[in-house]
Undergrad: 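Mind having a look at this structure? Questions to follow.
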Amino acid sequence: MSKIMVGGTEHDAVLTMGTLVRFRDKAGYDFLKEPGRMDAVGLAIMAWAGIATAAKRDGKEFDTSWEELADSMTIPEVNALQQWIERETSTGDSDDTGKKKAKSR
């Protein structure tokens, strides 16, 4: 589980199959099939889905809509969300610059 900042508040968030299903249902496309379609709205929806999934897993109530969540997001928080998604979807075979890591022998 990760922590993401939205509206100056730290939230638990996860990127799981449930998160991706919530995202698809709200965004209207499958992120794994079309990651290039991700935009600012998609980032807000993914943050909402990740927080909602983490809350459900913890047995907590999360009744904020993705639009309400987006209303509280600052631009630096949006940028951090993009980095969160990149970290969570990374295969671990590239470094921080996106270049492929050399394979150790």
Side-chain angles (χ1 to χ4, degrees):
M1 188 154 340
S2 298
K3 302 276 186 185
I4 60 174
M5 188 71 68
V6 177
T9 303
E10 194 172 66
H11 297 271
D12 288 333
V14 294
L15 190 53
T16 64
M17 180 58 80
T19 306
L20 294 173
V21 169
R22 284 179 177 85
F23 176 85
R24 187 206 61 216
D25 291 349
K26 293 290 182 191
Y29 71 95
D30 186 326
F31 170 74
L32 293 180
K33 288 184 179 178
E34 300 179 82
R37 287 185 61 181
M38 181 60 77
D39 58 8
V41 171
L43 288 171
I45 294 171
M46 189 68 82
W48 168 84
I51 295 168
T53 301
K56 183 172 182 171
R57 286 172 57 162
D58 291 343
K60 296 178 183 174
E61 182 86 15
F62 183 71
D63 59 358
T64 303
S65 71
W66 75 265
E67 294 96 339
E68 291 168 326
L69 196 71
D71 285 342
S72 68
M73 286 182 194
T74 65
I75 296 303
E77 290 172 342
V78 171
N79 291 335
L81 289 172
Q82 186 171 2
Q83 294 167 354
W84 168 66
I85 292 169
E86 289 171 1
R87 276 193 314 274
E88 295 295 314
T89 59
S90 172
T91 60
D93 63 354
S94 55
D95 65 17
D96 291 338
T97 64
K99 295 179 182 173
K100 291 283 185 185
K101 287 181 183 176
K103 294 196 185 241
S104 56
R105 297 177 190 221

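Computed from a predicted model, the values in this text were never measured in an experiment.
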Undergrad: Determine which pairs satisfy salt bridge (charged side-chain N to carboxylate O under 4.0 Å, His left out) with at least one residue from residues 10-33, sequence neighbours left out, and list them in order.
TA: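 Applying salt bridge (charged side-chain N to carboxylate O under 4.0 Å, His left out) to every pair that reaches into residues 10-33, excluding sequence neighbours, yields Lys3-Asp12.
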Undergrad: Between the main-chain N or O of Val14 and the side-chain N or O of Thr19, is there a donor-acceptor pair closer than 3.5 Å?
TA: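 Such a contact is found between Thr19 side chain and Val14 backbone.
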Undergrad: For residues 49-73, which residue pairs qualify under salt bridge (charged side-chain N to carboxylate O under 4.0 Å, His left out), counting only residues two or more places apart or in two chains?
TA: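 Output for this query is empty, none listed.
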Undergrad: Okay, side chain of Thr53, backbone of Ala49: is any donor-acceptor separation there less than 3.5 Å?
TA: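 Answer holds: yes.
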Undergrad: Ignoring hydrogens, what is the shortest heavy-atom contact between Ser2 and Glu88? Give both atom names and the distance.
TA: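 Scanning both residues completely, I find the closest heavy atoms to be OG-OE2, 2.8 Å.
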Undergrad: How far apart are the closest heavy atoms of Met1 and Ala54, and which atoms are they?
TA: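 Taking every non-hydrogen atom into account, SD-CB, 3.8 Å.
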Undergrad: Apply the hydrophobic cluster definition, ILVMFWY joined by side-chain contacts under 4.5 Å directly or through others, and give me every member besides Phe31.
TA: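 Answer for Phe31: Ile4, Val6, Leu15, Leu20, Phe23, Tyr29, Leu32, Met38, Val41, Leu43, Ile45, Met46, Trp48, Ile51, Phe62, Trp66, Leu69, Met73, Val78, Leu81, Trp84, Ile85.
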